[in-house]
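The first residue in the sequence is number 1, and the count goes up from there.
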Amino acid sequence: MKFATLFAEWKLKKENNHFCKKEVFSSKKKASLILAAALLSAACSAQLVSCSKDSLPEQEAETILIEKKASEHKWFALNKDGFSPTISPQKSPAVLQKPWTEALRVSCMAQSSEKSPLDMTQAGEPKIFALVNRLGIIVMAQSGLKVFKDPQFFEERTADKIVFMNGSPIYSVYRNSYFNEKISKNLPFRPFLIQFSPDSGVSFPILTYENLSLPANSEVNDFCWDGKEWFCSIKNYTESETNFSYLKFRPETALLSISPEKNLIAIQKSSEEEFRSVRRPKDFSAAPARVKNLLKGLPQNLDYYVECKDSGGATAREFIHSKIKDPNSIARAVVQLSATWVAALFEDGTLYLNGALYANKILNNSRNLALRLPKLPHGYKYTDFGFSGTTLFASWEQSDFYKTGRAGFLQVDLKKVLYKD
C-alpha cells in the first residue's frame, strides 16, 4: 500500500476517534532536527529574512534582519476574554493543558479574498478571521484587532475549520463524544454550520443536525466542501459501540438561505470510500503550480505535508511530498494562496513568500523569500497565519501529543523590512 494511502488512513482514524490531536505530525525531536536541517539548507538558496540573529545560519544569500523592537513584532497570549500582550510565549500566564478539542487555541485562520468591501476594514485592509476554540472569532487587520466572543456556540463546543461561501466565512461546531458523555442529550437545537457576519460581528446557524436528519447519538466529526458539494463523516455511538456513516449534499438553494425551519437540501448517502477519496491527501505533484514553485528550493529527499488554502475559498486541499517511512518525521506547513501572493509557514517558523502583499509592489523581483520567525521554545510550534496589508499574524501553541497548553499569536510589521523604498 502506498505511503500516502497509509498516511491518510492513519490521519482519518485519529480524526474519527477524536482522541489524538488532529495534527499530521508530532513535535518529536527527530522531526525537529530533520526539518531544521532541511529548511536551513534550502534557505541558503533564497534571500533570508530573520527576526533574530541567533536563528541565522551561515549563507551566501543576502540577509535582511528584523531587529527585535516592539514596533516590529509583538507577542499575544489567548485568555478567556480574548488576548493580552506577553513578552514571549513561554512567559505568558501558565495554562492547564487540555485535549485540543477542549483547549483555548486558534484552530484555524482564514484569509479574506480581497475582492469585496466585506473583505476589507474601513481602512481598506484585508481581514483575517481567527477561529478561537472555546472563545469566538478574532478579526485581525493591520489597523487593529477585534474580539467577537460568542459563548452560545463556543462555550461547550469545539470550533473547527473556516470556509467561505459567497465571501461569507462559515465555520463548524461539534461536541466531542469522548470528552462529553452526555453529548447532545435533551438539546432542542444542535447547530452544525455557522455563518459569521463580518459587518456586524454576529454568528448565526445556517445548518443544523435537524436539517441533516441526524439522531441525537451522532456527531459530524469531519466535513469537506469542494465548492460544489458537501461531504460529511458522521460518528454514531451507543453505550456498546461506535460506528461511522457518510452523507453528501448539494444545496437546492443558497446555503445561506437555509434555516432550521427550511430544509432545502438534497441529502444523499455516501460511503467511506467516497469520503476518503475526497479527504485523502494528494501527491505533491498535483499541487498548484504556484505552491510547487514556492517550495522548489526544498531538498528532494525532504518529506513534508502541506495544507493548502485559497483565500476566501473552500476546504483546504492537502498534499504530501514523501517517499517513506515514518509519519513522525514529516514536516508540516500551512499554505495560503491569495490573488497576488502565496506563502507557506512551517511549524518551526520558516515562512516562504512569493508575490506582492496587498496594494504593494512585487517583492524581490518575483523571486522567493525565506522569512524566519522568532524561534519558539521546545514544545511550542507555529500553526497558522495570514497577511493583512504588510502585517503578518501567525498563531502559536504549546503542544504535547493530543494536549494543548499556552496559545496565542505573533504580530509582525513587515513594512520597513520588505518595502524599504
Side-chain angles (χ1 to χ4, degrees), residues 8-23 98-103 107-108 131 133-134 150-163 170-195 203-225 229-251 255 258-279 315 402-404:
E9 291 181 351
W10 170 77
K11 180 174 180 288
L12 286 171
K13 182 178 180 181
K14 288 207 305 180
E15 292 173 343
N16 287 340
N17 287 337
H18 279 291
F19 178 78
C20 297
K21 189 166 185 178
K22 187 159 47 171
E23 298 170 346
K98 297 180 180 180
W100 71 272
T101 59
E102 319 304 302
S107 58
C108 182
L131 186 66
N133 191 45
R134 302 291 165 162
D150 200 326
Q152 177 185 4
F153 298 124
F154 285 81
E155 193 170 84
E156 297 183 353
R157 297 181 177 91
T158 299
D160 193 23
K161 294 184 183 178
I162 296 181
V163 297
I170 297 172
Y171 60 92
S172 65
V173 293
Y174 62 91
R175 298 187 69 194
N176 187 284
S177 60
Y178 190 91
F179 301 105
N180 297 276
E181 295 181 359
K182 297 181 179 180
I183 180 172
S184 304
K185 304 293 185 183
N186 303 319
L187 290 179
F189 173 69
R190 298 182 63 199
F192 164 43
L193 294 179
I194 298 174
Q195 179 186 354
S203 292
F204 54 91
I206 56 174
L207 197 65
T208 68
Y209 282 66
E210 289 71 28
N211 293 133
L212 299 177
S213 301
L214 296 177
N217 64 333
S218 64
E219 197 74 24
V220 178
N221 69 303
D222 195 11
F223 78 89
C224 175
W225 180 57
E229 283 188 300
W230 294 79
F231 299 84
C232 298
S233 170
I234 302 155
K235 184 178 182 181
N236 308 288
Y237 50 89
T238 64
E239 292 182 358
S240 59
E241 65 176 357
T242 299
N243 56 66
F244 297 88
S245 59
Y246 305 86
L247 60 81
K248 61 182 178 180
F249 60 88
R250 185 190 297 262
L255 186 57
I258 296 175
S259 70
E261 294 79 25
K262 298 179 181 179
N263 196 11
L264 302 176
I265 56 176
I267 303 173
Q268 293 180 280
K269 285 186 177 181
S270 184
S271 65
E272 180 179 359
E273 181 179 357
E274 183 177 33
F275 185 79
R276 286 177 180 267
S277 69
V278 175
R279 293 291 285 123
T315 302
Y402 69 94
K403 290 185 177 181
T404 298

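Distance check: Asn211 CG to Ile206 CD1 gives 9.5 Å after rounding to the nearest 0.5 Å. Taking SG of Cys232 as the start and CD of Glu219 as the end, the distance is 11.5 Å to the nearest 0.5 Å. Going from atom CZ of Phe249 over to atom OG of Ser270 covers 11.5 Å, rounded to the nearest 0.5 Å.
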> Would Trp225 and Leu193 count as a side chain to side chain contact (heavy atoms under 4.5 Å, CB included) if you check the C-alpha gap in whole Å, the side-chain angles of each, and the deciding distance to 0.1 Å?
Replying inline: CA-CA 12 Å; Trp225 180 57; Leu193 294 179; over 6 Å; no
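Ala216 and Tyr237 get closest at one heavy-atom pair: O-OH, 3.7 Å. Here the shortest heavy-atom pairing between Pro205 and Phe153 reads CD-CZ, 3.5 Å. Across Thr101 and Thr158, no two heavy atoms sit closer than the pair O-OG1, 2.8 Å. Minimum heavy-atom separation, Cys224 to Arg279: CB-CD, 3.5 Å. The minimum heavy-atom distance linking Val163 with Trp230 is given by the pair CG2-CH2, 4.0 Å. The heavy-atom pair separating Ile234 from Asn221 by the smallest distance is N-OD1, 3.7 Å.
Asn236 contributes no side-chain N or O that, together with a main-chain N or O of Ser218, makes up a donor-acceptor pair within less than 3.5 Å. Listed for the Tyr209 side chain is a donor-acceptor partner under 3.5 Å among the backbone atoms of Val220. Ser172 contributes a side-chain N or O that, together with a main-chain N or O of Asp160, makes up a donor-acceptor pair within less than 3.5 Å.
Looking at Tyr171 and Ser107, their side chains never bring a donor and an acceptor atom within 3.5 Å of each other. Side-chain contact check for Thr208 and Glu210: at least one donor-acceptor pair (N or O, by modelled atom type) lies under 3.5 Å.
Glu274 and Lys269 are not joined by a salt bridge, as no carboxylate oxygen comes within less than 4.0 angstrom of a charged side-chain nitrogen.
Inter-residue side-chain proximity for Arg157 and Arg190 is flagged as unmet; no heavy-atom pair is nearer than 4.5 Å. Proximity of Asn133 to Trp100: side-chain heavy atoms (C-beta onward) are nowhere separated by under 4.5 Å. Two residues are said to be in side-chain contact when any heavy atoms from C-beta on lie closer than 4.5 Å; Leu214 and Leu247 meet this criterion.
Classification of the Phe192-Phe223 ring pair by plane angle, with boundaries at 30° and 60°, yields perpendicular.
Only one option out of Arg276, Lys161, Lys235 pairs with Asp222 in a salt bridge (charged side-chain N to carboxylate O under 4.0 Å, His left out); it is Lys161. Partner Arg134 forms a side-chain hydrogen bond (donor to acceptor under 3.5 Å, both in side chains) with one of Glu156, Glu155, Glu102 and no other, that one being Glu102.
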